[in-house]
Amino acid sequence: MKSYEIMFIVRPTLSEDETKQTIKNFGDVLTSNGATIVDSKDMGQRELAYEIKKFKSGYYYVYQVEANDDKAIKEFDRLALISSDIIRHLITKIEK
């Protein structure tokens, strides 16, 4: 199995319920495509180092994921690029 770390920033203008729903939806994208979420970390709202899409802060979230292939990772990446709720994301493969 391959291990990945996925960090993404949700836009700060969403309500708390909308933010939780966005995080849940993207977690479901991973699990429904065969990945296993090993750990998830809520890092809270933080100030951005520079403005992204006219936002100066964002809600940070991190997933530790294991998957046999990269199908789930590619689907997450595709949907995160399309979504207006995610202002930035980073997927890192963890070498063991």
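For clarity, every value in this text was computed on a predicted model and none was experimentally measured. In this chain, numbering begins with 1 at the start of the sequence shown.
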When every non-hydrogen atom of Pro12 is compared with those of Gly58, the smallest separation belongs to CD-CA, 4.2 Å
Interatomic distance, CG@Leu90 vs CD1@Ile6, rounded to 0.5 Å, equals 9.5 Å
Measure the spacing between CE of Met1 and CD of Glu66 and express it to the nearest 0.5 Å.
5.5 Å
Within the structure provided, determine whether Tyr4 and Ile94 are in side-chain contact (heavy-atom separation under 4.5 Å).
no
Atom pair CZ (Phe8) and CZ (Phe76), whose distance is rounded to the nearest 0.5 Å:
5.0 Å
Heavy-atom side-chain proximity of Thr13 to Phe55 below 4.5 angstrom
yes
With sequence neighbours left out, the residues meeting ring-ring contact (aromatic ring centres under 6.0 Å, His included) with Tyr59 are none
Short side-chain donor-acceptor distance under 3.5 Å, Glu47 and Ser57
no
Nearest-0.5 Å distance, CD1 of residue Ile73 to CG of residue Leu30
5.5 Å
Test side chain to side chain contact (heavy atoms under 4.5 Å, CB included) on Leu48 and Tyr60 and set out the steps.
CA-CA 10 Å; Leu48 301 173; Tyr60 284 67; 3.2 Å; yes
So, the side chain of Thr22 versus the backbone of Glu18: is there a donor-acceptor pair under 3.5 Å, distance only?
yes
Would you give the length of the straight line joining atom CD of Gln64 to atom OG1 of Thr92, rounded to the nearest 0.5 angstrom?
9.5 Å
Nearest heavy-atom pair of Ser40 and Ile37: which atoms, and what distance?
CB-CG2, 4.5 Å
According to a hydrophobic-cluster definition based on side-chain heavy atoms being under 4.5 Å apart (Ile, Leu, Val, Met, Phe, Trp, Tyr only), do Ile87 and Met7 belong together?
yes
Will you find, in the side chains of Asn25 and Gln21, an N or O donor that is under 3.5 Å from an N or O acceptor?
yes
Taking every heavy atom of Val62 against every heavy atom of Met43, the minimum-distance pair comes out as CG2-SD, 3.4 Å
Identify the two heavy atoms, one from Asn33 and one from Lys71, that lie closest to each other, and give their separation to 0.1 Å.
OD1-CE, 3.3 Å
Rounded at 0.5 Å granularity, tell me how far CD1 in Ile9 sits from CD in Gln45.
11.0 Å
I need the full list of salt bridge (charged side-chain N to carboxylate O under 4.0 Å, His left out) pairs touching residues 77-94, with sequence neighbours left out, sorted by first then second residue.
Arg11-Asp85, Glu75-Arg78
In terms of hydrophobic clusters joined by side-chain contacts under 4.5 Å, are Ile91 and Ile23 together?
yes
For Lys20, all residues meeting salt bridge (charged side-chain N to carboxylate O under 4.0 Å, His left out), sequence neighbours excluded
Glu16
Testing the basics here: between Ala80 and Phe26, what is the closest heavy-atom pair and its distance to 0.1 Å?
N-CE2, 3.7 Å
